[in-house]
Number of protein chains: 2
Amino acid sequence: MLSKKTKYAINALVYLARHADEQPIPVSRIAEERKIPLKFLESIFSELKNARIVKSKKGKYGGYSLNGGTDDIDLAQVVRLFDGAIALLPCATHDYYEPCEECLDETACGIRKVALEIRNATVASLKEATLANILAREQNLTR
Amino acid sequence: MLSKKTKYAINALVYLARHADEQPIPVSRIAEERKIPLKFLESIFSELKNARIVKSKKGKYGGYSLNGGTDDIDLAQVVRLFDGAIALLPCATHDYYEPCEECLDETACGIRKVALEIRNATVASLKEATLANILAREQNLTR
DNA sequence: ATAATACCTACCAAATAGGTAGGATTAAAA
DNA sequence: TTTTAATCCTACCTATTTGGTAGGTATTAT
């Protein structure tokens, strides 16, 4: 399960993508419209900015905007940023790799093979899910 | 990421599957061989028994054995038992379903569609991963 | 009887999740 | 130049979950 933080982040980014014309948008507006606790969302945007997924404009009439096009931001980036590794097992991740303690031969481990299979499929789906792709899915009700 | 509890459970079940001929097997033996804390593993087996995934024999020379064939037990059952829902979002699960608070039209939600896609693929992989299948993957090094 | 096992109840410490509080800094507008 | 509205920063907080431990009771083969 995704954490609330990740869910909030995704919702906020989709909101930014949907209002790409009127940016920058203040956090307060997103917090209100999407019913997300303001201070919590502020800290989320702080992390999104550090990760260069959004950029900010300070002061009055400031706010956040997407850093890059809606095609450049996908859910794999966001999930990794807030929830860490995507795989079910540390031995099946690329970025957060750790071997299992009692694994004699990792390349022969059946459990790991399942985990790798699932990880590959999940990452592929999450990478395909760019903000543009999510918006397109919402238009296209025939699914 | 799977919890340690789930990982321990999977490892213990694979151990039982691998030694299907010499059952029942005491928890102490699995704990020792797989380096799992004994008391913790005991509580895991208690849950596995409640879920009728294993069966027990009390007293001296007792222990646990698989309840059913190695084809009947798959990772979806085990993961659901210990970690709960498999999907990334509550609105994309069958058993643990909950709507999103701010979702106006769930059937049109792009994020949910991604989550459903991933869930379906993940559940399919986990169901395919029976204990028999895992053992087969370990034999078959050519993957 | 004894040894070895499952089973049961209670407790516990550390980490994580999900926030809140209070302000300092910046920049546009009046 | 003051006001307003925004980001940014530091610190704190509480509840839940995770990953165990402790200490025993009941059961069964030898």
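Source: prediction; values computed, not measured.
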What does nucleotides 24-30 of chain C look like as a protein-contact string, B for base, S for sugar-phosphate only, - for none, at under 4.0 angstrom between heavy atoms?
-> --BBBS-
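In this structure, A/F45 atom CZ and C/dG19 atom P are separated by 16 Å, rounded to whole Å. If you take OH of A/Y64 and P of D/dA5, they are 18 Å apart, rounded to a whole angstrom. One interatomic measurement links the two molecules: CE of A/M1 to P of D/dT17, which rounds to 13 Å at whole-angstrom precision. Between the NZ atom of A/K7 and the P atom of C/dG18 there is a distance of 8 Å, rounded to whole Å. The distance from atom OH of A/Y8 to atom P of C/dA17 is 14 Å, rounded to the nearest whole Å. Put simply, CG on B/L2 is 12 Å from P on D/dT18, counting in whole angstrom units. Put simply, CZ on B/F40 is 19 Å from P on C/dA10, counting in whole angstrom units. If you take CD of A/E42 and P of D/dA11, they are 17 Å apart, rounded to a whole angstrom.
Under 4.0 angstrom from either OP1 or OP2 of C/dA4 there lies no side-chain N or O belonging to B/S28. In terms of phosphate contacts, A/S43 brings no side-chain nitrogen or oxygen within less than 4.0 Å of OP1 or OP2 of C/dG19. Between A/K49 and the phosphate of D/dT7, there is no side-chain N or O to OP1/OP2 separation shorter than 4.0 Å.
Projected onto DNA chain D by closest heavy-atom contact, A/P26 and B/P37 fall at different nucleotides, the more 5' of which corresponds to A/P26.
Atoms CG and CD, from A/D74 and A/E128 in turn, are 10.5 Å apart once rounded to the nearest 0.5 Å.
Between A/R112 and A/E117 there is no salt bridge, since no side-chain N of the basic residue sits under 4.0 Å from a carboxylate O of the acidic one. Under the 4.0 Å criterion applied to side-chain N and carboxylate O atoms, A/R18 and A/E138 are assigned as salt-bridge partners.
The base of C/dG18 does not come close enough to the side chain of A/K39 for any donor and acceptor atom to sit less than 3.5 Å apart.
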Decide side chain to side chain contact (heavy atoms under 4.5 Å, CB included) for A/L13 and A/I53; before the verdict, give the C-alpha distance in whole Å, the side-chain angles of both, and the deciding distance to 0.1 Å.
-> CA-CA 9 Å; A/L13 287 172; A/I53 291 173; 4.1 Å; yes
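Heavy atoms of B/F82 sit nowhere under 4.0 angstrom from any nucleic acid atom. Residue A/S46 is out of contact with every strand shown, counting any heavy-atom pair closer than 4.0 Å.
Counting only distance, with no hydrogens or angles, the side chain of B/T122 and the backbone of B/I118 share a donor-acceptor pair below 3.5 Å. Between the side chain of B/S43 and the backbone N or O of B/F40 there is at least one donor-acceptor pair closer than 3.5 Å.
Residues B/S65 and B/K57 fail the side-chain proximity criterion, which asks for heavy atoms closer than 4.5 Å.
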